[in-house]
Each structure stands twice: as structure tokens, then as C-alpha cells.
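Residue numbers start from 1 in every chain, and the chains themselves are labelled A, B, ... in the order their sequence lines are given, proteins ahead of strands. No experiment lies behind these values; they were computed from the predicted model shown.
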Protein chains: 2
Amino acid sequence: MLREAKDAWRPTLKRNSRLSLALHTLSHMAGNPDQTRTSADIAEHAGTNPVVVRRVLGRLREAGLLTSEKGHAGGWRLARVPAEISLADVYLALDERIVASDEPDDAPSCSVEHALHKTVAGVLQDIEQSLVQKLAETSISEVRGS
Amino acid sequence: MLREAKDAWRPTLKRNSRLSLALHTLSHMAGNPDQTRTSADIAEHAGTNPVVVRRVLGRLREAGLLTSEKGHAGGWRLARVPAEISLADVYLALDERIVASDEPDDAPSCSVEHALHKTVAGVLQDIEQSLVQKLAETSISEVRGS
DNA sequence: CATTTCGTAACTTATTTAGTTGCGTGAACA
DNA sequence: TGTTCACGCAACTAAATAAGTTACGAAATG
């Protein structure tokens, strides 16, 4: 595939379900914070696979939102009280930025491209910021339905 | 792949280069609005293929931003004066919404999932709106570099 | 009527993600 | 101590999406 100086700007929010899985799981855990849950339990509830669960929750552990223990009675627990885990924490932990205006690998050969990149990147930067800000206003314990 | 009731919410901004191509091309055309350009010309400048160009610009034509003519001296032209084509017009024409909170195909079996969907969808709705608003503040003629 | 240019369908290739299997590691417990 | 349970991780498969490409039809111009 020959794509030369044209990946200049590229918006990147993947069309994946990781954020969905993470938020869903954490919201559930917020309803019963003292319970330890295994990947298998979570996977069954979420309709997916234990390995996928560990992959996603692993990132949340790296971000300090969860802890995991091996062995008997092991599994996953919230690392903080639910009220202190915001949707933004989860979003940022997964590194799924809407903006992430990729810097061009090579300097754009074209002045229009350069100006375009700057303009759009600026807008997306603002947007990203307000997205995180709004997500930060809600904690995982506020999302519960019943 | 077995993904049952879990596509509930899914953010969807594709990691494609269509918007980039569209904006780049329109910005260029804005610099010389009376010139008709062929897919081949545009493709060469953008480092891609004429068919790809027609695919993308076709959407802009459907949205009333461009016109295309077949035959000798045919090609693409802006349908309006450049100052009246905003970045938002282009963004919307390509139907590449950041938000696009997919409604769940099936009603979520789980109350947490339901509440989560509502909460996140609300936030994303707001974000989408402000994104479009900010893009609307810039026209393709303002993006030019030199 | 020959040429040019768009319109579109079909196909290939690359990338990304989810799903899956398998095995290693460490902790609990009998 | 040794079995079991649970995570950690690597490797593979399968599906979805997008770009690129080829080919051909349709319309407009000269």
C-alpha cells in the first residue's frame, strides 16, 4: 500500500468494545465493592472471554483502578472506593482518545496540508479536553440503574 | 464470533483517512475555485487513487458541496463559494460522527448496562454537538497556508 | 464516433480487534 | 508438599473495515 505523505492527520477512536466492557464491569463492581470477581465470572456476565477480560482489566490495573490476585479466592477488586473512580479515569486508562491527532511521520510537503493539520488538531484538542471534563463529572457508582 | 447483548454502546469514529482527503482537497480547491479538477489530478496530489477520490468526493457531492461533470473538460468543482463551506459541512457530509451512540439492537438485559448506555450516550451527544459547532467556525478558505 | 471523465462493482491486501488455546506463575489450602 | 485455582502472556484464528486496484459502463464533449 503506498500512502506517502498523507497520514498527516488521523482521528483515532477505535471502534472497539473495550471501553464498553470496562465501564460495564466497573459499574457492576461499584454495586458490591467488597466482592472479588474472577475473569471467568466477569466474562460470563459480559458475554465474552476471560482472556479478553484480563486484557482490558489489566489496563485498568496499570492505571491503579483495580487490583488482581492470583490463586484461591483470587480475582479482581476495585482499588479505590467507587465514588472516586470517574468515567474519565476509565476512559484515560484505556488510552482511547478521540483526538490523538497523530503527528505526521514526515513533514507535510504541502502547505495546505500543514495548515489543515494545525487547524483540525486544534479543534480536536479542545474537544478531547471537554470530553474528558464531562466524563470526569460522573463516577462509576452514579451509573447504576436499579 | 459470539457477541450477544453487548454491542449496547459503541463509539464510532473510524480510523480512516476519508476526512483528511476531503478536507485537503477542498482546501486546495478553495484556493482556485474556478478551476475544474479531475479525479486523476486530485488523486495524484493526494497520493492516492482516482477511484478512492471519486468515492470520497461523491459523498460531498451528495451533500451539495461539490459538483461533478462527465466527459471532456469534466471533473470536480465547488458547488458554493469557499467561504460558505465549513469544516463542519465536510465532517457531516462524510457521516463520520464521533458520537453516533449506536442504539442497542436488543434491549440490554442488564440494568447497569442500560443506565451506562444512557449516561455515556448523553455525554457523547454533548461532545458531538460542540465538535460540530467548533468545526462550523472555520471555512475551508480559512485553512490555507501560504 | 472517438475520447474523456465520472460511476460503480468486484476483487485484493493490510490493519485492527475479538476470540481462543495453551502454558507458565504464584497463592491458597488440604 | 502437592493439587487446585486464578491471573499473565504469547501465539494463533477469525471477522470486520478500509484502501487500493482493475475493469467496464454511461454520459458529455469535440
Contacting residues from residues 56-69 of chain A, given that a heavy atom lies under 4.0 angstrom of DNA chain C: none
Results of side chain to side chain contact (heavy atoms under 4.5 Å, CB included) for B/Ser130 - residues two or more places apart only: A/Ile127, A/Ser130
Grab the CG-P distance between A/Leu94 and C/dA18 for me, whole Å please. 10 Å
Integer-rounded Å distance: C/dG19 P and A/Arg54 CZ: 14 Å
Using side chain to side chain donor-acceptor pair (under 3.5 Å) as the criterion, list what pairs up with B/Asp89, not counting sequence neighbours. B/Arg80, B/Ser86
Using a 3.5 Å cut-off and no angle test, enumerate the donor-acceptor pairs between side-chain atoms of residues 55-72 of chain B and protein atoms at least two apart in sequence or in another chain.
from    : atom 1 : to      : atom 2 : distance (Å)
B/Arg59 : NH1    : B/Leu94 : O      : 3.2
B/Arg61 : NH1    : B/Ser68 : OG     : 3.0

Side-chain N or O of B/Ser17 closer than 4.0 Å to phosphate OP1/OP2 of D/dA19: yes
Of A/Trp76 and A/Arg55, the one whose closest nucleotide on DNA chain D sits nearer the 5' end is A/Trp76
Measure all distances between protein nitrogen or oxygen atoms and nitrogen or oxygen atoms of nucleotides 25-27 of chain D, and list the pairs falling under 3.5 Å.
none

Say you draw a straight line from CD of A/Glu137 to CG of A/Leu87; how long is it, rounded to the nearest 0.5 Å? 10.0 Å
How long is the straight-line distance from NE2 of A/His28 back to OG1 of A/Thr25, given to the nearest 0.5 Å? 8.0 Å
For atom CG of B/Asp41 and atom C1' of C/dT4, their distance in whole Å: 12 Å
Who pairs with A/Thr38 by side chain to side chain donor-acceptor pair (under 3.5 Å), at least two apart in sequence or on another chain? A/Asp41
DNA chain D: B/Val52 or A/Val51, which has the more 5' nearest nucleotide? A/Val51
Any A/Thr48 side-chain nitrogen or oxygen under 4.0 Å from OP1 or OP2 of C/dG19: yes
Between B/Arg37 and B/Gly75, is there a donor-acceptor pair closer than 3.5 Å when you use the side chain of the first and the backbone of the second? no
Measuring only between side-chain heavy atoms, which start at C-beta, is A/Arg18 closer than 4.5 Å to A/Val52? no
Contact between B/Met29 and B/Ile140 at the side-chain level, heavy atoms closer than 4.5 Å - yes or no? no
Of B/His72 and B/Ser39, the one whose nearest nucleotide on DNA chain C sits closer to the 5' end is B/His72
B/Asn49 CG to C/dT12 P: how many Å, rounded? 17 Å
